[in-house]
Amino acid sequence: MHFQWYPGHMTKAKRAMQEDIKLIDVVIELADARIPYSSKNPDIEELARNKSRILLLNKSDMADPALSREWIRYYESRGYLALAVNARQKNELKQVNSLIQKACQEKIERDRRRGILNRPVRAMVAGIPNVGKSTFINSFAGRACAKTGNKPGVTKGKQWIRLNKQVELLDTPGILWPKFEDQTVGQHLAFIGSIKDELIQSAELALDLIEFLREEYPGTLKEHYEVEENGDSVEVLRRLAVRRGCIQKGNEPDFDKAAFLLLDDFRNARLGRITVEKPVGTAT
């Protein structure tokens, strides 16, 4: 299956970000803790090349905690200030303020030497679609400042948010990049819902997810769905469909309905805390 999704508004959003970066002191990029490699946009990496950078691995409550710790070490070794967070928990975001101050320490000292006092740090919040940027901003600000949703494409334009006297945030739309050089990246983005489901073959994606779960988290499907995991992935999906009553006319298994059920359970962590990628040199 070929994965790609780059609607026109993303081109416009990227162009606007290229203009706005001149005003920015630090870029706060959110990635998904379940796919910390595939959910990092290389275009944002290029955009933030000469800026201080903070990487937040969001939705850490859905990810494998041991692997999240490995990913934090991985990115810290590459010069990031990195933190695993659950943006829905406001108390977990207290450390972000200190990271912002640490990232901008040189800039703050430079301003002080020039007699510029109390100018707020300007931070751009960026990331791919459906990674939780708006939820992070609302929790961080302690009020509803940004629209939220559980599907990609909710934030359509930029908006400035005055967090406090020290920090101003620039919310930006979620953007992908024009071409996935590695289709595994596209597959992982589809797993978590960052590519619209209308653009993918859900049954085929569910078969890929079954293969991954059997290899890396054996027993998960048996425990959650009470189905045997042996045989090929099509047979496992058929058992799942029968077990959960996903039946169509002629008493045949409804593979599409079963696929949506499996993907939805994975995306909402009903299968447990699962991380798809490991930081071995480059993610796999």
Side-chain angles (χ1 to χ4, degrees), residues 3-59 80 85-88 93 96 100 120-163 167-181 185-186 188-200 267:
F3 299 92
Q4 201 62 56
W5 182 49
Y6 194 70
H9 76 267
M10 291 189 184
T11 303
K12 183 179 178 181
K14 180 184 173 183
R15 198 175 298 125
M17 290 170 69
Q18 288 170 332
E19 288 297 315
D20 293 331
I21 198 71
K22 304 167 189 174
L23 309 172
I24 297 301
D25 302 307
V26 58
V27 174
I28 302 174
E29 183 177 3
L30 271 72
D32 192 300
R34 296 168 294 178
I35 54 167
Y37 176 76
S38 294
S39 59
K40 269 195 96 296
N41 186 336
D43 283 355
I44 295 174
E45 177 82 14
E46 177 64 22
L47 193 72
R49 184 177 52 193
N50 297 317
K51 299 291 179 177
S52 298
R53 297 179 299 176
I54 294 172
L55 178 65
L56 302 181
L57 299 185
N58 192 28
K59 305 186 182 183
Y80 287 87
V85 300
N86 170 10
R88 297 185 184 279
L93 302 181
V96 178
I100 292 173
V121 168
R122 289 178 169 175
M124 175 184 284
V125 181
I128 66 169
N130 204 33
V131 79
K133 296 185 302 300
S134 297
T135 299
F136 161 72
I137 287 172
N138 291 341
S139 293
F140 198 30
R143 61 188 188 279
C145 306
K147 293 181 181 179
T148 62
N150 62 355
K151 59 183 180 180
V154 173
T155 302
K156 296 294 185 182
K158 67 178 181 180
Q159 57 176 324
W160 281 100
I161 295 151
R162 184 69 179 263
L163 193 64
V167 180
E168 290 181 352
L169 298 179
L170 176 61
D171 187 14
T172 61
I175 59 169
L176 292 170
W177 52 107
K179 183 180 180 181
F180 302 142
E181 298 296 338
V185 169
H188 292 177
L189 290 169
F191 277 167
I192 68 168
S194 286
I195 297 175
K196 285 188 174 181
D197 284 331
E198 296 90 333
L199 303 175
I200 61 176
R267 291 168 183 171

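Along the sequence shown, residues carry numbers from 1.
Expressed to the nearest 0.5 Å, how far CG of L30 lies from CZ of F136 amounts to 6.0 Å. We find the OH-CD1 distance between Y80 and I54 to be 12.0 Å, quoted to the nearest 0.5 Å. If you take CG on N41 and CD1 on I128, they are separated by 8.0 Å, rounding to the nearest 0.5 Å. The distance from the CZ atom of R122 to the CD atom of E168 is 5.5 Å, given to the nearest 0.5 Å. In this structure, CE in M124 is found 12.0 Å from NZ in K133, a value given to the nearest 0.5 Å. Note: M17 CE to L170 CG = 8.0 Å, rounded to the nearest 0.5 Å.
Not a single salt bridge (Lys or Arg N to Asp or Glu O under 4.0 Å) links R88 to another residue, sequence neighbours left out. R267 pairs by the side chain to side chain donor-acceptor pair (under 3.5 Å) definition with D197, not counting sequence neighbours. With sequence neighbours excluded, the residues satisfying side chain to side chain contact (heavy atoms under 4.5 Å, CB included) with A31 are S39, K40, L55, L57.
In plain terms, the two heavy atoms of D25 and P120 that are nearest each other are OD2-O, 4.1 Å. Of all heavy-atom pairs between A87 and G132, the closest is CB-O, 4.4 Å. Shortest non-hydrogen contact noted between I28 and A123 is CD1-CB, 3.9 Å. Contact detail for S134 and D171: the closest heavy-atom pair is OG-OD2, 3.8 Å. Here the closest non-hydrogen pair linking I44 and A126 is CD1-CB, 3.8 Å.
Put simply, the side chain of F140 does not reach to within 4.5 Å of the side chain of V125, judged on heavy atoms. Counting heavy atoms from C-beta on, the side chains of D20 and T172 never come closer than 4.5 Å.
Here the side chain of S38 pairs no donor or acceptor atom with the backbone of L189 at under 3.5 angstrom. Checked by atom type and distance alone, the side chain of D32 never pairs as donor or acceptor with a backbone atom of V131 at under 3.5 Å.
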Item to complete: May I have the step-by-step check of side-chain contact (heavy atoms from CB on, under 4.5 Å) for I21 and K51, ending in yes or no?
Response: CA-CA 9 Å; I21 198 71; K51 299 291 179 177; 4.0 Å; yes
